[in-house]
Amino acid sequence: MTSLPGEVKGFKDLEQEVQKAGICGKCGGCVAFCSAGEFHALRSEADGTPVMADESKCLHCGICYLICPQIRALDQELREKLDWKQPIGPVRRMASARASSQRILRVATDGGVVTALLTFALKKKMIDGAIVSRPVGPFSREPAIATDAESLLQAAGSHFEESLHVHAVGGMYSSFSPSIKEVKSLGQHGMRKIALVGTPCQVFTMQKMRLLQVLPADSIKLIIGLFCMQNFSFNAKARRALEKRMSVKLSSIDKLNIKDDVIVTTRKKDVIHIPFEEMDTFARPACFACSDFSNEYADISCGGLGSPDGYTSTILRTAEGERLYNLAKREGIIKELGLRGRKARQDHYTEMMAKIVSFSRRKQVRAAKTLREAGRGA
Ligand SMILES: Cc1cc2nc3c(=O)[nH]c(=O)nc-3n(C[C@H](O)[C@H](O)[C@H](O)COP(=O)(O)OP(=O)(O)OC[C@H]3O[C@@H](n4cnc5c(N)ncnc54)[C@H](O)[C@@H]3O)c2cc1C
Ligand code: SF4
Ligand code: SF4
Ligand code: SF4
């Protein structure tokens with residue numbers, strides 16, 4: 001059943017347009033808002049599937065529909081608000097940068113810029129905490145609220161201690177972390193200035209919540225977005241298939257990174273590159289309908305693509321993002337890749353931009369095909 005003309009679209013429409021179309025990412029956005037607003041009409045099943053818990057409590061506000069990342073409603077309004085530009089959203093400046101702290105660099109995924117900026121923002125009391133995602137095993141993460149430098153370090157990077165492999169046994173592993181769900185607990189923590197680290201789908205939902213000025217999005221003061229080609233989920237059978245593909249056990253993985261392919265480093269320091277196409281069978285179905293690679297609605301976007309190993313490709317998109325980055329750079333918290341001369345700098349950033357645009361196009365084409373096949377049009 002879909003809404004009648006003129007009727008506000010709501011959860012029934014999400015069931016129809018998103019869940020039945022097989023593109024629900026189980027991000028928890030719809031449930032997080034409905035619970036934070038104290039409506040409690042929705043709840044999440046154990047596997048993250050949102051369901052109507054009590055229809056009589058539904059106020060037909062339509063917000064669960066509007067904020068779903070798979071619904072393009074409000075896209076135009078957001079683009080206007082954020083001064084979005086072709087081809088990859090607003091770009092004030094780009095840099096290949098890394099943290100100065102050796103502690104951060106040792107655990108970081110790339111150059112540790114995300115962790116360094118959050119640690120700096122906490123120290124300067126620009127934020128009270130950050131919604132991050134901590135590793136609980138290879139290809140497995142869970143959301144967490146970090147309020148000190150130590151917990152930010154624990155969430156950084158994709159190195160896996162042996163103990164984490166024990167934690168993530170059985171059931172489903174997922175590299176997708178439903179961070180938006182954490183937003184609903186912010187009120188209980190009494191925090192007013194929060195940073196969110198998230199994938200483009202999470203950032204899209206959060207920006208729509210901010211646009212609509214719905215609680216608890218008003219606490220989010222800074223958004224650091226990660227580049228994202230796709231996220232993965234594995235049941236036991238898929239884990240065995242992946243181990244076969246890599247010819248190593250998941251328990252032998254030391255580090256995992258995603259740049260222009262998936263990069264697995266084993267404890268013996270062997271490096272295995274797996275092209276995205278070969279990882280498609282492990283990707284979450286929702287990811288095939290997603291068209292944003294470089295996190296176009298974040299304050300600052302970070303990825304590995306386009307930078308040398310050990311550096312983070314950093315896109316400063318908003319005045320707030322640029323201010324934080326410049327302050328951190330001035331205080332020596334962040335260092336940029338040394339490039340001699342104007343031409344070397346120009347060549348580097350032209351190449352970085354070309355790579356990011358190319359991956360963005362790849363994702364847009366894939367999403368258009370998926371949505372066509374799901375009967376949702378491009
Ligand atoms: C699922 C996923 C896919 C990605 N795909 C690409 C890609 O295709 N190409 C590319 O160039 N870069 C990709 N990235 C980004 C890249 O892996 C690094 O996260 C980025 O370069 C920042 O590196 P850093 O060293 O500055 O971050 P760090 O200082 O190591 O901090 C990383 C931060 O990311 C958070 N985080 C980690 N995983 C998740 C998650 N699943 N959800 C929400 N937050 C998370 C951590 O909590 C931490 O705060 C992807 C990241 C993720 C999580
Ligand atoms: S109350 Fe609003 S957010 Fe909750 S299910 Fe109903 S329409 Fe959706
Ligand atoms: S908001 Fe997230 S969990 Fe809810 S229907 Fe949309 S994709 Fe699924
Ligand atoms: S590919 Fe898109 S839907 Fe999938 S995790 Fe990344 S941003 Fe979210």
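Order of appearance sets the numbers: ligands from 1, and atoms from 1 within every ligand.
For the pair Lys329 and Glu336, the salt-bridge criterion is met [side-chain N within less than 4.0 Å of a carboxylate O]. Under a 4.0 Å N-O distance rule, the pair Glu243/Arg239 does not qualify as a salt bridge. Ionic pairing of Arg192 and Asp128 is not present here: no N-O contact between side-chain nitrogen and carboxylate oxygen is shorter than 4.0 angstrom. Salt bridge Glu17/Lys9: present, at least one basic N to carboxylate O contact under 4.0 Å. For Asp75 and Lys208, the salt-bridge test fails: no basic side-chain N is under 4.0 Å from an acidic carboxylate O.
Surrounding NZ of Lys124 are at most 12 heavy atoms belonging to other residues, nucleotides or ligands under 6.0 Å away. Residue Arg103 qualifies as open at atom CZ: its count of foreign heavy atoms under 6.0 Å is 12 or below.
Those atoms of ligand 4 with a heavy atom of Arg284 less than 4.0 angstrom away are 4 (Fe), 5 (S). In summary, the atoms of ligand 4 found under 4.0 Å from a heavy atom of Lys363, numbered by their order in the structure, are 1 (S), 2 (Fe). Listed by number with element, the atoms of ligand 3 under 4.0 angstrom from any heavy atom of Gly28 are 2 (Fe), 3 (S).
In terms of protein heavy-atom proximity, atom 2 (Fe) of ligand 3 is closest to Cys27 SG, 2.4 Å. Looking only at heavy atoms of the protein, atom 7 (S) of ligand 3 is closest to Gly25 N, 3.4 Å. Shortest contact from atom 6 (Fe) of ligand 3 to any protein heavy atom: Cys68 SG, 2.4 Å. Counting only heavy atoms of the protein, atom 8 (Fe) of ligand 3 lies nearest to Cys24 SG, 2.4 Å.
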For residues 110-121, dump all side-chain donor-acceptor pairs below 3.5 Å to protein atoms at least two apart in sequence or in another chain.
residue, atom, partner, partner atom, Å
Asp110, OD1, Asn257, ND2, 2.7
Thr119, OG1, Thr115, O, 2.6

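Under the ring pair (Phe, Tyr, Trp, His ring centres under 6.0 Å) criterion, Phe282 pairs with Phe234, sequence neighbours left out.
Atom 8 (Fe) of ligand 2 has Cys64 SG as its protein N, O or S neighbours under 2.8 Å. Listed by chain and number, Cys228 SG are the protein N/O/S atoms closer than 2.8 Å to atom 6 (Fe) of ligand 4, with waters left out.
Phe227 and Phe293 have tilted rings, their planes meeting at an angle from 30° to 60° on a 0 to 90° scale.
Proximity of Arg245 to Met279: side-chain heavy atoms (C-beta onward) are nowhere separated by under 4.5 Å.
Side-chain atoms of Ser233 and Arg284 form no donor-acceptor pair, as typed in the model, at a separation below 3.5 Å.
When non-hydrogen atoms are compared, ligand 3 lies under 4.0 Å from the backbone of Lys26 (N, CA, C, O) but not from its side chain.
For Arg72 and Phe204, the positive end sits near the middle of the six-membered ring, less than 6.0 Å away and at most 45° from its axis.
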